[in-house]
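Structure first, commentary second.
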2 protein chains.
Amino acid sequence: MPTIARELAELAALIADPGRALILSRLMDGRAQTASELAQVAGVTPQTASWHLAKLARQALLKAERRGPRRLYRLATPLVAQMLEGMMTVAATGPQAARPPARIDAQMRRARTCYDHLAGELGVAVTDAMCQHGHLVLDHESGELTAAGTAFLSGLGVDLRPAARHRRLLCRPCLDWSERRPHLAGRAGAAIADLALQRDWIRRRPQGRSVEITDAGLTAFRTLFGARI
Amino acid sequence: MPTIARELAELAALIADPGRALILSRLMDGRAQTASELAQVAGVTPQTASWHLAKLARQALLKAERRGPRRLYRLATPLVAQMLEGMMTVAATGPQAARPPARIDAQMRRARTCYDHLAGELGVAVTDAMCQHGHLVLDHESGELTAAGTAFLSGLGVDLRPAARHRRLLCRPCLDWSERRPHLAGRAGAAIADLALQRDWIRRRPQGRSVEITDAGLTAFRTLFGARI
DNA sequence: TGAACAGTTCGATCATGATCGAAGCGTCGC
DNA sequence: GCGACGCTTCGATCATGATCGAACTGTTCA
């Protein structure tokens with residue numbers, strides 16, 4: 001036991017710096033960013049950011065790749081994103097007193113991506129609508145796409161067949177830290193987010209991981225999904 | 001975004017101290033411990049432990065309750081345990097180089113509880129066996145108990161009916177940090193762990209969260225479940 | 001009521017690690 | 001090649017927070 005606890009502490013120490021937390025939070029949309037951009041996000045000089053990034057990469061939380069003279073950083077694995085999401089859920093639930101909901105950024109609360117799927121009010125609304133229409137069964141620990149749900153997504157052009165051998169196990173509930181209710185994650189969730197980006201229902205904002213819901217998106221989510229958004 | 005990142009950093013800082021990490025790790029079996037015991041676990045004096053415990057309780061990671069002159073501490077919610085498990089998974093996967101498997105305590109690797117379900121070699125073996133016998137379908141992001149699986153557990157005296165309205169969504173895969181493969185969690189996993197404790201197949205060790213597999217347990221897991229353990 | 005014990009608060013000390021200026025290294029475009 | 005630019009390394013400084021001794025609080029039991 002001592003060993004895993006020590007490694008746990010080391011990992012936590014890595015996230016415990018405000019600058020590094022900002023960097024990790026920024027990278028949670030799964031995209032890669034340059035060191036300069038991340039320095040700006042963290043609010044520190046490039047050298048300090050470089051020091052942070054090296055530390056995060058050395059401990060395998062980040063992965064670096066060169067693109068010309070620039071260096072791009074991204075989360076090392078989806079597992080890291082999942083871990084951070086779990087931590088944010090606890091962090092947001094935190095000390096009950098000290099949480100005026102206003103402290104959570106409004107755009108983030110409205111709609112964002114959580115590594116590869118939709119989150120925020122949008123993510124929860126889409127999830128709720130799919131549950132109400134019998135496309136999805138979801139509780140706090142597990143989820144299942146129904147036959148109707150598979151057909152529904154197929155109708156939208158989402159092809160989930162490659163995972164047929166997985167027996168419809170494409171769903172994972174992900175507790176939304178801003179809404180404090182589960183939204184749809186897993187392969188099905190990622191497919192819906194991809195669809196929304198492709199059809200320009202949502203657009204990534206240049207900085208941050210919040211997304212903008214387009215007018216077409218608002219219509220689509222309401223009419224196609226029946227989402228109350 | 002800045003706000004949630006700051007809270008993320010604060011939360012991480014709470015776990016980043018080796019002593020507090022040891023305390024949290026110790027409490028991950030879901031049971032409550034006295035302040036003195038936790039001081040010993042953390043390897044610090046009672047005053048220091050008290051300071052740590054107060055800090056953890058103030059930030060709602062722990063819950064304290066009086067039992068006579070003693071004060072018992074436990075994890076505030078299952079969500080905290082789930083978060084810690086997620087962090088341990090990443091921590092154990094960590095820097096590929098620095099991980100001689102021997103660094104993980106042998107007893108912990110063999111069998112332990114992960115808040116309310118079985119983990120370690122035992123947890124994975126039971127999970128694998130149930131999958132092989134068609135009692136369970138599990139992938140890395142979702143799980144489902146089959147009709148055969150429900151019948152199997154019923155035959156062992158495990159009653160999962162109260163959750164019938166949940167449509168068999170009782171399973172959650174939990175990535176085992178020592179085995180690096182998923183084991184069964186969720187209500188079904190908790191029920192199996194309860195059964196094993198009640199029938200004295202496993203016994204909690206006085207300190208740590210590792211469990212001892214009894215001779216009867218070894219037989220039971222092998223013959224009833226078909227586990228290769 | 002008072003002794004005994006679990007736990008907490010306070011204060012001083014000390015170590016760890018974040019920060020930035022300056023300098024160095026690699027890569028690309030001319 | 002050479003200059004420019006993005007990024008990293010080095011060194012000195014400084015702040016945060018973990019630690020323990022000592023004293024205090026609160027609960028139980030006689």
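Predicted, not measured: the structure shown is a model, and the values here were computed from it. Reminder, nothing fancy here: chain letters follow the sequence lines and each chain counts from 1.
Looking at residues two or more places apart in sequence or on another chain, you find a side chain to side chain donor-acceptor pair (under 3.5 Å) between B:Thr34 and B:Glu37. Evaluation of the side chain to side chain donor-acceptor pair (under 3.5 Å) rule for B:Thr219 yields no partner, not counting sequence neighbours. In this view, B:Asp200 and B:Arg203 satisfy the salt bridge (charged side-chain N to carboxylate O under 4.0 Å, His left out) rule, not counting sequence neighbours. Under the salt bridge (charged side-chain N to carboxylate O under 4.0 Å, His left out) criterion, B:Asp116 pairs with no residue at all, not counting sequence neighbours.
Panel note: side chain B:Gln82, backbone A:Gly86; no donor-acceptor pair is recorded below 3.5 Å. Side chain of A:Arg112 to backbone of A:Met108: a donor-acceptor contact under 3.5 angstrom is found. Side-chain atoms of A:Asp176 do not come within 3.5 Å of backbone N or O of A:Arg181 as any donor-acceptor pair.
The CD atom of B:Glu65 sits 16 Å away from the P atom of D:dT27 (whole-angstrom rounding). Taking atom CZ on A:Arg70 and atom P on C:dG29, their separation rounds to 11 Å, with Å as the unit. Spacing between atom CG of A:Leu62 and atom C1' of D:dT8 amounts to 16 Å, rounded to whole angstrom units. Separating the CG atom of B:Leu53 from the C1' atom of D:dA18 is a distance of 14 Å, rounded to the nearest angstrom. In this entry the distance linking CG of A:Leu56 with P of C:dA18 reads 10 Å, nearest Å. Across the protein-nucleic acid pair, A:Ile15 atom CD1 and C:dG17 atom P stand 16 Å apart, rounded to whole Å.
Proximity of A:Arg66 to the phosphate of C:dG26: no side-chain N or O atom is located under 4.0 Å from OP1 or OP2. Contact annotation: A:Arg71 reaches the phosphate of D:dT8 (side-chain N/O to OP1 or OP2, under 4.0 Å). Contact annotation: B:Tyr73 reaches the phosphate of C:dT8 (side-chain N/O to OP1 or OP2, under 4.0 Å). Phosphate contact (OP1/OP2 of C:dG17, side-chain N/O of A:Lys55, threshold under 4.0 Å): absent.
Counting non-hydrogen atoms under 4.0 angstrom, A:Arg67 reaches nothing in the nucleic acid.
Heavy atoms from other residues, nucleotides or ligands lying under 6.0 Å from CD of B:Gln47 number more than 12.
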Contact list (N/O, under 3.5 angstrom) for nucleotides 19-25 of chain C vs protein:
| unit_1 | atom_1 | unit_2 | atom_2 | d |
| --- | --- | --- | --- | --- |
| C:dT19 | OP2 | A:His52 | NE2 | 2.4 |
| C:dC20 | OP2 | A:Thr45 | N | 3.3 |
| C:dC20 | OP2 | A:Thr45 | OG1 | 3.1 |
| C:dC20 | OP2 | A:Thr48 | OG1 | 2.9 |
| C:dG21 | N7 | A:Gln47 | NE2 | 2.7 |

Below 3.5 Å between N/O atoms, which protein atoms pair up with nucleotides 13-15 of chain D? Just atom names and distances, please.
none

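Relative ring orientation between B:His183 and B:His117 is described as tilted, the plane-to-plane angle lying within the 30° to 60° band.
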